[in-house]
S.K.: 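For reference, the structure I am asking about is given below.
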Amino acid sequence: MDDSCQIKAEYAQLKSNEKMYRLICDTSDRAYVYQNLLENTISTVSNWQYFFDFEVRKEKDLAGIFNAVEPDSKNVLREILSLEKKGMENDSAIIKLRDGKTWIELSATVIYDKKRRPTDKILCFNDITKVKNAHDELTYMAYYDILTGLYNRNYFVRLLAGFIRDAEKENNIVTVMFINIDDFRKINDAFGMVIGDEVVQQLGQFLADFKSDNVVVSHFNADSYCIAVNNPIGHRSIDIITETIYDRLKWPFYMSNQQEIVLSVSIGIAEYPEASTSPLELINCAEIVMFKAKTLGTNKVQFFDAPILSDYLQNISIENKLKAAVFSQNFTLDFQPQYSIQGKKLRGVETLIRWRDYDGKMISPIKFIPIAEKNGTIVPIGAWVMEESLRTYAEWRKIYNYPMILSLNISAIQYAQDDFIKQVIEAIDRYGINYEEIELEITESVLINDFKDITDKLHILRQYGIRISLDDFGTGYSSLSYLKGLPITTLKIDKSFIDTVLSDENTKVITESIIYMVKKLGFETIAEGVETEEQYTYLESIGCDGIQGYYLNQPMPAQDIEKKVLCHL
Ligand code: C2E
Ligand code: CA
Ligand code: CA
């Protein structure tokens, strides 16, 4: 190949390369500035117009960039543009344009010759707005709750930990308030979840007003908020905060659909260092006492108190053990005899459940039945009690042929089950027991929640001949007037009456009139918790039909009942 051919070939190659580079540049969405520092020339390449509306022909034209960026970006820009003056090879920074939206990553590269003289410089502008926004959103989500704009749970815990560290050094206290909307489920059910969210949002906005250097407000979860107050004194004292909250709650919140909603909240309060020194535990304590506040009604405040915590922990432990006990059917039954007052004839027995914990401790049904009712384990427990009592009673009946009345305590949850009647009838039939020998006890509280449904069920049970006994009479509403419509056969006068019937004139009058009226209605009366002969004699004199109590017998295991039955044969 001769020289001219070679030149032609090289030229063609060059052209092709240039085309390639130009294409690459033209299709790039970045913009470049190329500066030949030795020849003092400058040119822009690629997408310059996308970023800036001025031309760069001389180095001084670069000053136009200063006008195009936000004031905060000017310093970093100056640094990058004078990179070669510091002898640096490359650097980059993020700058923001004056439009307030566009974020640019600006990088600069300077090329030096062997004598360390800068020869070329390239600036590259890259639009990173999308990436930056996504990143900002992630950062936001890491700290804030989207719904309310308040701090989220995680960040709240971190800030609280900071308060506690400071308080440790300065010997301060830090207070955590756990705030929960009362009956939030009802709001959701009545108005829908969108309005529910709006309620959470609006209350959150109101609580946000407490924010300051020493007060952190967070949306903790669904309908709960946590406020941490560092050194709660003066205008940020807890009294003032709770008062401000309850003052606001006197007025309704106005929803976007014109709905007015009046809210109430329960507040639990725990303090560092009294309740705990750990942020998570402190929040936990505040939450636990908040639950206690709920049991006191609505719009209630409860301060941390060690017995509340130990009660709560005990209940949790009972609840956990209870699940295991149900699984292994780790219960037994005692039976307490009931006698007719005339002649002290054995009328029947009341079944009472017993639970011995794995470490040998007895746990009273007064403690665990309410927990079992809350977590639903009362259903299998109640079914077991029924099955076991009927099985035992059927055995006695077969051996001794002494008809009695077997009384069973039935929880509201059991009565509410759709197939309750079917279960009862099937169980009684399984053991071939007469319906008339079975008595189901019910407390007034069961009737309050669902009067119609329960009384309907009681009527059906009565039609079979099953007896119904109203337990603990006198502790609930005890209105004699509603007794009339109730399909009951027996009324059990609560122990609290019997305890004072001899010493308190009022109780005496009430007990006598209860017995008088109840007999008129045709029900049988049984006095519970009879402990002394005097009580017995008195109850006999006023016409009570039956007694149950330590005076005659404590609850006892099945084999001891057999001995009692033998005495009556
Ligand atoms: P209750 O139905 O009112 O049962 C009577 C309670 O009073 C029993 O307590 C009994 O041991 C106690 N008692 C009886 N006579 C006397 C007395 O003369 N003096 C004193 N101080 N106490 C007396 P217990 O066995 O601890 O049961 C407590 C409660 O637990 C029961 O009260 C009942 O509400 C509930 N319960 C017991 N077993 C069951 C069950 O199988 N199912 C359900 N749902 N509840 C049960
Ligand atoms: Ca009872
Ligand atoms: Ca009772």
Side-chain angles (χ1 to χ4, degrees), residues 318 322 325-326 329-339 347-356 361-393 405-417 420 423-424 427 438-446 454 467-476 478 488-502 525-536 539 544 546-558 560-561:
I318 290 179
L322 196 56
V326 171
Q329 302 206 326
N330 196 15
F331 302 101
T332 55
L333 292 180
D334 266 1
F335 300 87
Q336 187 175 29
Q338 298 171 331
Y339 294 89
R347 169 204 188 258
V349 291
E350 176 178 3
T351 301
L352 296 162
I353 190 167
R354 296 292 173 254
W355 177 25
R356 193 180 292 280
K361 226 175 59 220
M362 294 300 288
I363 301 176
S364 161
I366 295 175
K367 268 218 163 307
F368 76 81
I369 294 285
I371 297 171
E373 286 177 331
K374 254 190 222 148
N375 73 8
T377 44
I378 189 67
V379 175
I381 292 174
W384 178 84
V385 169
M386 181 163 310
E387 194 73 25
E388 187 60 17
S389 316
L390 292 173
R391 190 187 62 74
T392 310
Y393 180 73
I405 291 167
L406 174 72
S407 255
L408 297 162
N409 289 290
I410 307 289
S411 145
I413 314 287
Q414 292 173 272
Y415 279 111
Q417 302 269 299
F420 176 68
Q423 279 181 33
V424 173
I438 301 302
E439 183 171 73
L440 304 186
E441 298 199 357
I442 183 167
T443 55
E444 284 169 284
S445 56
V446 175
I454 307 286
R467 302 173 63 91
I468 306 291
S469 158
L470 189 62
D471 200 2
D472 303 341
F473 187 79
T475 55
S478 309
I488 59 170
T489 42
T490 309
L491 185 133
K492 294 181 82 174
I493 302 170
D494 193 65
K495 179 176 181 296
S496 55
F497 278 83
I498 311 306
D499 283 344
T500 52
V501 78
L502 292 177
T525 49
I526 292 184
E528 284 193 288
V530 178
E531 293 183 341
T532 65
E533 187 170 0
E534 291 74 35
Q535 288 168 344
Y536 168 81
L539 289 161
C544 182
I547 63 159
Q548 177 180 349
Y550 293 177
Y551 167 59
L552 289 176
N553 291 132
Q554 297 216 357
M556 57 187 77
D560 293 345
I561 294 289

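Numbering of ligands and ligand atoms starts at 1, following listing order. Because the structure is predicted, anything quoted here is derived from the model rather than measured.
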S.K.: Kindly assign one of parallel, tilted or perpendicular to the pair Trp355 and Phe368, based on the angle between their ring planes and the thresholds 30° and 60°.
M.R.: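 Correct class here is perpendicular.
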S.K.: Can you list, by chain and residue number, the protein N, O or S atoms under 3.0 Å from the Ca ion (ligand 2)?
M.R.: Glu350 OE2, Asn409 OD1, Glu441 OE1, Asp471 OD2
S.K.: Please find the pair of heavy atoms, one from Asn409 and one from Gln414, that lie closest to each other, and give the distance.
M.R.: O-OE1, 4.2 Å
S.K.: Do Gln554 and Gln336 have side-chain atoms, one donor and one acceptor, less than 3.5 Å apart?
M.R.: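 Not at all, the side chains of Gln554 and Gln336 share no donor-acceptor pair under 3.5 Å.
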S.K.: Please output the residues near ligand 1 using a strict heavy-atom distance under 4.0 Å, listed in chain and residue-number order.
M.R.: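 Residues within 4.0 Å of ligand 1: Gln336, Glu350, Leu352, Ile353, Arg354, Pro365, Ile366, Ile369, Val385, Asn409, Ser411, Asp471, Asp472, Lys495, Glu528, Gly529, Val530, Glu531, Gly549, Tyr550, Pro555.
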S.K.: Can you name the closest pair of heavy atoms from Ile318 and Lys367 and give their distance?
M.R.: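 Heavy atoms only, the tightest pair is CD1-CD, 3.9 Å.
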S.K.: If the condition is salt bridge (Lys or Arg N to Asp or Glu O under 4.0 Å), which residues does Arg356 pass it with, not counting sequence neighbours?
M.R.: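 Arg356: no salt bridge (Lys or Arg N to Asp or Glu O under 4.0 Å) contacts found.
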S.K.: List the atom of Gly529, the atom of Ile498, and the distance in Å for their closest heavy-atom pair.
M.R.: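 Heavy-atom minimum between the residues: O-CG2, 3.9 Å.
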S.K.: Decide salt bridge (charged side-chain N to carboxylate O under 4.0 Å, His left out) for Glu439 and Lys492; before the verdict, give the C-alpha distance in whole Å, the side-chain angles of both, and the deciding distance to 0.1 Å.
M.R.: CA-CA 12 Å; Glu439 183 171 73; Lys492 294 181 82 174; over 6 Å; no
S.K.: Run the side-chain contact (heavy atoms from CB on, under 4.5 Å) test on Thr332 and Glu388 for me, step by step, so that the C-alpha distance in whole Å, both residues' side-chain angles and the decisive distance to 0.1 Å come before the verdict.
M.R.: CA-CA 9 Å; Thr332 55; Glu388 187 60 17; over 6 Å; no
S.K.: Determine which pairs satisfy salt bridge (charged side-chain N to carboxylate O under 4.0 Å, His left out) with at least one residue from residues 371-385, sequence neighbours left out, and list them in order.
M.R.: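 Matches after skipping sequence neighbours: none remain.
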